[in-house]
Amino acid sequence: MTDETETAGTATETEAATATEERTSDAEALPRAKRPGRSKDAGAASRTEETARLVGEYFEAVASDPDTQANAQARYYAEDAQGVIAGTMAGGRQEIIDYFTELRSAFPDFSLEVIDLIAQDDRAAVHWRCTGTFAGSTPYQGIEPNGARIDIKGVDFVRVRDGRLVRNDAYPDNMSVARQLGLLPPQGSRAEKGMFGAFNARTRLARRVGSGEPEPVAEGVWLVRGGFPMKTMNVYLIRDGDGVMLFDAGIRGMTRMLAAVGLSMGGITRVLLGHGHADHRGAAAGLGVPVLCHEAERADAEGDGGAHYMDPSQLNPLGRLLLPRMIAGWDGGPVPIAGTVKEGDDVAGFRVIHLPGHAPGMIGLWREADRVALSSDCFYTLDPQTGRKGAPRLPHRAFNYDTDQARRSIRKLAEMEPSAAWPGHADPVTGDVRAALERAAATT
């Protein structure tokens, strides 16, 4: 009985082994791409190999003799290709061809070496080194040839499709290019130290344009003052979740200071423009956050900042001479508006109030709990022509969209009986705010 059991077991093992060998043989007979669980990996490997081959061929063509170089971009870039050389050019296939034509003309002995090439699927990264002598027959990027020698490294990130390059983002060492061409002084040189000293002096002057110190004005609200020399440009920072929202954005010269202050307070979440004049939208475009305004102000915020309805001829001779030039310097330019607000909307714990007149879509912010009003340019507490501070007054008619409407908006704000009204310039109105605003509406 034992012998029969052992014989049966041996026969079973032999049959199982034979069946396994037959299945293995059948699997080997199938094409590799059709094996279960392998097709996706095999396809990706094939695309990677094709990408590496194509990109390698392109860079080999760029690195070869001048005649081959001259045709490399035309041969390897797709008709709809896009390219960027950081800090130098951005455009389509023709712009890429034109750039390399200029490069070869300015650097006749241009040479390229591929240090490393890494590919995955339809993308590749290429680490390269290039050399050349700036002694050609044409300028490079507007700079006349001076015989300088360049030796730099960089990285290209390339994407391919259907056997052509469709995207190339190149990042050369532009700092070294500038130093080697003589546009910047040598690293560590006395000239470089002098340049840094001048730059730091400019930074210190910029700090004087804006105090950089947020001043608490109400619960969850701070004021940053800017503008040289009197710091009469007001920007309000309002707690907005973990960060702060800016109400108004001052002048362009305040951009970096506002970015730094906002970062120290959790980051700037958004900017809400009281209106779109140059001295209130100035920093908005440079902060990299969504910008909002009243729906009636959008066209001006994205356009000329209301300049089309301003009348500098109503200023005194000194104002006519200086203020238009100052406004041009304050302005950061048109601002893309991400969204709009309207009367009654709740924003960061405040209610939007429409106060048109100085601008068609001018708004203030009102908080019922402590009766605080942030009023942008509903009223002034300084004379824009002399810079003298004083009691609240009507905004100057030279800058108003509709002066009679501006007067009505001051009365509207007065009827709300604020405990404090914080304007877009200079100092707040406190104490009997209603009486002071009613006087401004009636007498100025």
Side-chain angles (χ1 to χ4, degrees), residues 233-236 238 240 245-252 268-285 287 289-312 327 330-367 372-380 384 392-416 418 421-425 437 440-441:
M233 309 293 181
N234 293 347
V235 175
Y236 297 92
I238 304 170
D240 190 24
M245 178 187 79
L246 301 190
F247 180 59
D248 276 335
I251 59 175
R252 181 176 59 185
I268 299 172
T269 59
R270 48 187 168 164
V271 173
L272 176 60
L273 297 179
H275 60 296
H277 290 182
D279 53 336
H280 293 262
R281 75 176 183 181
L287 294 172
V289 298
V291 181
L292 303 101
C293 68
H294 189 273
E295 51 198 3
E297 196 68 9
R298 181 173 202 149
D300 290 342
E302 294 184 328
D304 67 0
H308 61 281
Y309 58 74
M310 297 180 186
D311 184 9
I327 289 170
W330 292 337
D331 197 6
V335 184
I337 297 300
T340 59
V341 299
K342 62 184 183 301
E343 172 99 16
D345 284 353
D346 184 271
V347 181
F350 282 77
R351 179 163 59 88
V352 174
I353 50 175
H354 190 201
L355 301 170
H358 183 59
M362 199 179 75
I363 59 172
L365 294 179
W366 169 255
R367 191 166 63 188
V372 168
L374 310 179
S375 56
S376 195
D377 279 357
C378 179
F379 62 87
Y380 287 172
R393 56 182 295 165
L394 194 71
H396 199 289
R397 64 181 59 250
F399 306 110
N400 290 342
Y401 174 74
D402 184 329
T403 296
D404 289 338
Q405 193 176 48
R407 200 181 303 277
R408 291 194 294 272
S409 287
I410 293 178
R411 291 192 174 105
K412 175 181 178 178
L413 181 63
E415 289 171 0
M416 300 177 78
W422 292 83
H425 301 281
L437 294 181

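Residues satisfying the side chain to side chain donor-acceptor pair (under 3.5 Å) test with Arg270, not counting sequence neighbours, are Asp240. Partners of Glu302 according to the salt bridge (charged side-chain N to carboxylate O under 4.0 Å, His left out) rule, which considers only residues two or more places apart in sequence or in another chain, are Arg298. Residues passing the side chain to side chain donor-acceptor pair (under 3.5 Å) test with Arg393: none are found, sequence neighbours excluded. Remark: Asp331 pairs with Arg281 by the side chain to side chain donor-acceptor pair (under 3.5 Å) rule, at least two apart or across chains. Residues forming a side chain to side chain donor-acceptor pair (under 3.5 Å) with Asp300 (at least two apart in sequence, or on another chain): none.
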Exercise for the section: Would you please test Asn234 and Trp422 for side-chain contact (heavy atoms from CB on, under 4.5 Å) and show each step? Expected result: CA-CA 9 Å; Asn234 293 347; Trp422 292 83; 5.7 Å; no
Practice task
In sequence, state the C-alpha distance, the side-chain angles, and the governing distance for Met362 and Tyr401, and then conclude on side-chain contact (heavy atoms from CB on, under 4.5 Å).
Solution key: CA-CA 10 Å; Met362 199 179 75; Tyr401 174 74; over 6 Å; no
Practice task
Show your reasoning for whether side-chain contact (heavy atoms from CB on, under 4.5 Å) applies to Val271 and Val335.
Solution key: CA-CA 11 Å; Val271 173; Val335 184; over 6 Å; no
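How far CD1 of Ile353 is from CG of Leu413: 5.5 Å, rounded to the nearest 0.5 Å. Distance check: Ile410 CD1 to Tyr380 OH gives 10.5 Å after rounding to the nearest 0.5 Å. Between the CD1 atom in Ile363 and the NE2 atom in His275 there is a gap of 10.5 Å [rounded to 0.5 Å].
Smallest separation of non-hydrogen atoms from Ala440 and Pro392: CB-O, 3.4 Å. Considering all non-hydrogen atoms of both residues, Ala406 and Leu394 come closest at C-CD1, 4.0 Å. Smallest separation of non-hydrogen atoms from Ala284 and Leu273: CB-CD2, 4.4 Å. The minimum heavy-atom distance linking Ala338 with Pro290 is given by the pair CB-CB, 3.9 Å. Ala296 approaches Gly361 most closely through the heavy-atom pair CB-CA, 3.8 Å. Closest approach of Pro334 and Pro336 over heavy atoms only: O-CD, 4.0 Å.
With contacts defined as side-chain heavy-atom distances shorter than 4.5 Å, the pair Asp279/Phe399 does not qualify. Counting only heavy atoms from C-beta outward, the side chains of Leu355 and Phe379 never approach each other to under 4.5 Å. The side-chain heavy atoms of Ile238 and Leu272, taken from C-beta on, include no pair separated by under 4.5 Å. Residues Leu365 and Met245 form a side-chain contact, since some pair of their non-hydrogen atoms from C-beta on lies under 4.5 Å apart.
When each of His396, His358, His280, His277 is paired with His425, the ring pair (Phe, Tyr, Trp, His ring centres under 6.0 Å) condition holds for His280 and for no other.
At least one donor-acceptor pair closer than 3.5 Å links the side chain of Asn400 to the backbone N or O of Pro395. A side-chain donor-acceptor contact under 3.5 Å links Arg407 to the backbone of Ala441. Looking at Ser375, its side chain never comes within 3.5 Å of a backbone N or O of Gly364 through a donor-acceptor pair. Judged by distance alone, with hydrogens and angles left aside, the side-chain atoms of Asp248 form no donor-acceptor pair with the main-chain N or O of Gly250 at under 3.5 Å. Listed for the Asp304 side chain is a donor-acceptor partner under 3.5 Å among the backbone atoms of Gly306.
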Donor-acceptor pairs are to be reported for all side-chain atoms of residues 339-346 against protein atoms at under 3.5 Å, with residues two or more places apart or in another chain.
| residue | atom | partner | partner atom | Å |
| --- | --- | --- | --- | --- |
| Lys342 | NZ | Asp345 | OD1 | 3.3 |
| Glu343 | OE1 | His354 | N | 2.7 |
| Glu343 | OE1 | Lys412 | NZ | 3.0 |
| Asp345 | OD2 | Lys342 | N | 3.0 |

